[in-house]
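As the structure lists them, so they are numbered: ligands from 1, and atoms in each ligand from 1.
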Amino acid sequence: MAEKALDQLEKLRKRLDEINLEILELLSERGRIAQEIGKIKEKAGINRFDPVRERKMLDVLAEKNKGPFDNKTIQHIFKEIFKAHLELQEDDSRKALLVSRKRQKEDTVLKIKDVQIGGGDPVLIAGPCSVESYEQVKAVALNHKRQGLKLLRGGAFKPRTSPYDFQGLGIEGLKILRQIADEFDLVVISEIVKPEDIELATQYVDVIQIGARNMQNFELLKAAGSVDHPILLKRGLSATIQEFMYAAEYIMSRGNTKVMLCERGIRTFEKATRNTLDISAIPLLKQETHLPVLADVTHATGRLDLLLPTAKAALAAGADGVMVEVHPDPAVALSDANQQMNLGQFNDFYAELKASGLLSRQSKVSVS
Ligand code: PEP
Ligand code: MN
């Protein structure tokens, strides 16, 4: 290339570099203004996305466009700019969510009696799918005592897919759980399905569970938010991470900060397992929120042979605990008969999980 052409090329490139910086400066300025607009809109309760205004801006740009880019290209570029700026505003609002890690850097640690959930050693929550009788729960509780376990689950109100299936013992079931908890010094967890039962449940259970089918039962979430009692919120069958976080936000926004999240598998096309355990949800929720994150591997897989590997995977991914179902005689269980471990299988499962070292995080010595 001739010297003159090279010289010219150099000059033009220099000018392009300058323009890039000018565009960057303008984009940043635009971004800051968009953030301010976002805040004003949030205060006024106005929707951030304004398609009418966006259409007007695109029309003005097309009108003023003198080339060399055609209108379609210009509009495409600006549409991307608008999108990025809208996302900036959304980021800002996520920052404001009470469940968000941006709002609270430290892990939320729930202290329930002498059990700690979150921030320390992972816990194991186990128990029958449904509370069926005092004797049935007692058999599991006795085994818990022998195994040194503290957290006992059991459903008293069962939201079943079929209306003809066992619906649970209701309040009787909660009373059985309380009696067992007091006799064996255990922490009991049970699902509540109606807003009006939340207050009552605080007398009987140590942790109130909100099940997958009720994750977006907003009145139930609001009721759970208005008591000062630990809540275990399960992910909805087809809920996105964002919907899950908003569900937890419903509880927290009413003043109850004692919330833990539970990944329990989501619905996918896969039929080999009951649901698909979304392992990536665990580190993602740990990153995005400060709440304890648990994994229910029984409802996620519905398969006894997958409980141990999925529990290990969940703990390796950072879960603060694992939930499983165990029944003294699964063959006669009134719900989820096929997916519950018997006591022997459960003890083997627990022994192997302990042996993996994944249940003790605090005591782990870091090797550099
Ligand atoms: C349960 O834990 O008893 C239960 C019904 O689970 P999920 O709501 O996750 O289906
Ligand atoms: Mn079950």
Side-chain angles (χ1 to χ4, degrees), residues 117 123-132 136-137 140 151-163 165-170 173-174 176-177 187-194 197 201 205-217 220-221 224 230-239 241 243-244 247-248 251 259-268 273-278 281-282 285 293-304 306-307 310-311 314 319 321-342 345-346:
I117 305 182
V123 295
L124 178 60
I125 303 172
C129 180
S130 301
V131 172
E132 296 165 8
Q136 173 233 17
V137 184
V140 179
L151 294 151
L152 179 73
R153 61 147 285 148
F157 296 95
K158 299 300 299 176
R160 305 302 300 280
T161 302
S162 162
D165 285 341
F166 176 60
Q167 302 287 308
L169 295 183
L174 295 186
I176 291 173
L177 283 173
V187 168
V188 285
I189 301 167
S190 200
E191 177 168 356
I192 295 301
V193 295
K194 287 196 299 212
D197 287 345
V205 295
D206 303 299
V207 178
I208 293 171
Q209 179 171 314
I210 294 184
R213 286 154 197 82
N214 274 316
M215 191 208 80
Q216 283 190 319
N217 180 338
L220 185 63
L221 297 173
I231 308 289
L232 188 155
L233 177 67
K234 296 186 106 180
R235 182 177 182 181
L237 274 67
S238 301
I241 297 284
E243 287 163 342
F244 193 15
I251 302 172
V259 182
M260 52 191 134
L261 306 172
C262 183
E263 159 61 34
R264 45 79 70 206
I266 47 173
R267 182 158 287 182
T268 69
T273 48
R274 181 171 170 180
N275 290 291
T276 298
L277 178 64
D278 182 5
I282 297 165
L285 289 166
V293 177
L294 309 167
D296 173 349
V297 291
T298 295
H299 290 95
T301 64
R303 288 176 57 142
L304 295 177
L306 298 183
L307 297 178
T310 47
V322 166
M323 183 190 268
V324 288
E325 285 184 346
V326 51
H327 190 288
D329 189 359
V332 298
L334 293 174
S335 58
D336 286 347
N338 295 330
Q339 69 181 28
Q340 304 198 59
M341 288 181 273
N342 63 33
Q345 287 166 329
F346 172 70

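A salt bridge does not link Glu191 to Lys234: none of the charged side-chain nitrogens sits closer than 4.0 Å to a carboxylate oxygen. By the 4.0 Å N-to-carboxylate-O rule, Asp278 lies close enough to Arg235 to be salt-bridged with it.
Distance check, rounded to the nearest 0.5 Å: OG of Ser190 to CG of Leu174 gives 5.0 Å.
If you check the side chains of Thr301 and Thr273, you find no donor sitting under 3.5 Å from an acceptor. For the 3.5 Å distance criterion, the side chains of Asp336 and His299 qualify, holding a donor opposite an acceptor.
Of the polar atoms of Ala212, at least one N or O is found under 3.5 Å from an N or O of ligand 1, judged by distance alone. Geometrically, ligand 1 and Lys234 share a nitrogen or oxygen pair separated by less than 3.5 Å.
The atoms of ligand 1 that sit less than 4.0 Å from any heavy atom of Arg213 are 7 (P), 8 (O), 10 (O). Listed by number with element, the atoms of ligand 1 under 4.0 Å from a non-hydrogen atom of Gly211 are 8 (O).
Under the 4.0 angstrom criterion for non-hydrogen atoms, Arg235 is not in contact with ligand 1.
For the Mn ion (ligand 2), the nearest N, O or S atom contributed by Glu325 is named OE2. Shortest distance from the Mn ion (ligand 2) to Asp336 is reached at OD2 (N/O/S atoms only).
Counting non-hydrogen atoms of neighbouring residues, nucleotides and ligands closer than 6.0 angstrom, the CG atom of Asn338 reaches no more than 12 such neighbours.
Nearest protein heavy-atom contact of atom 9 (O) of ligand 1 is Arg264 NE, 2.6 Å.
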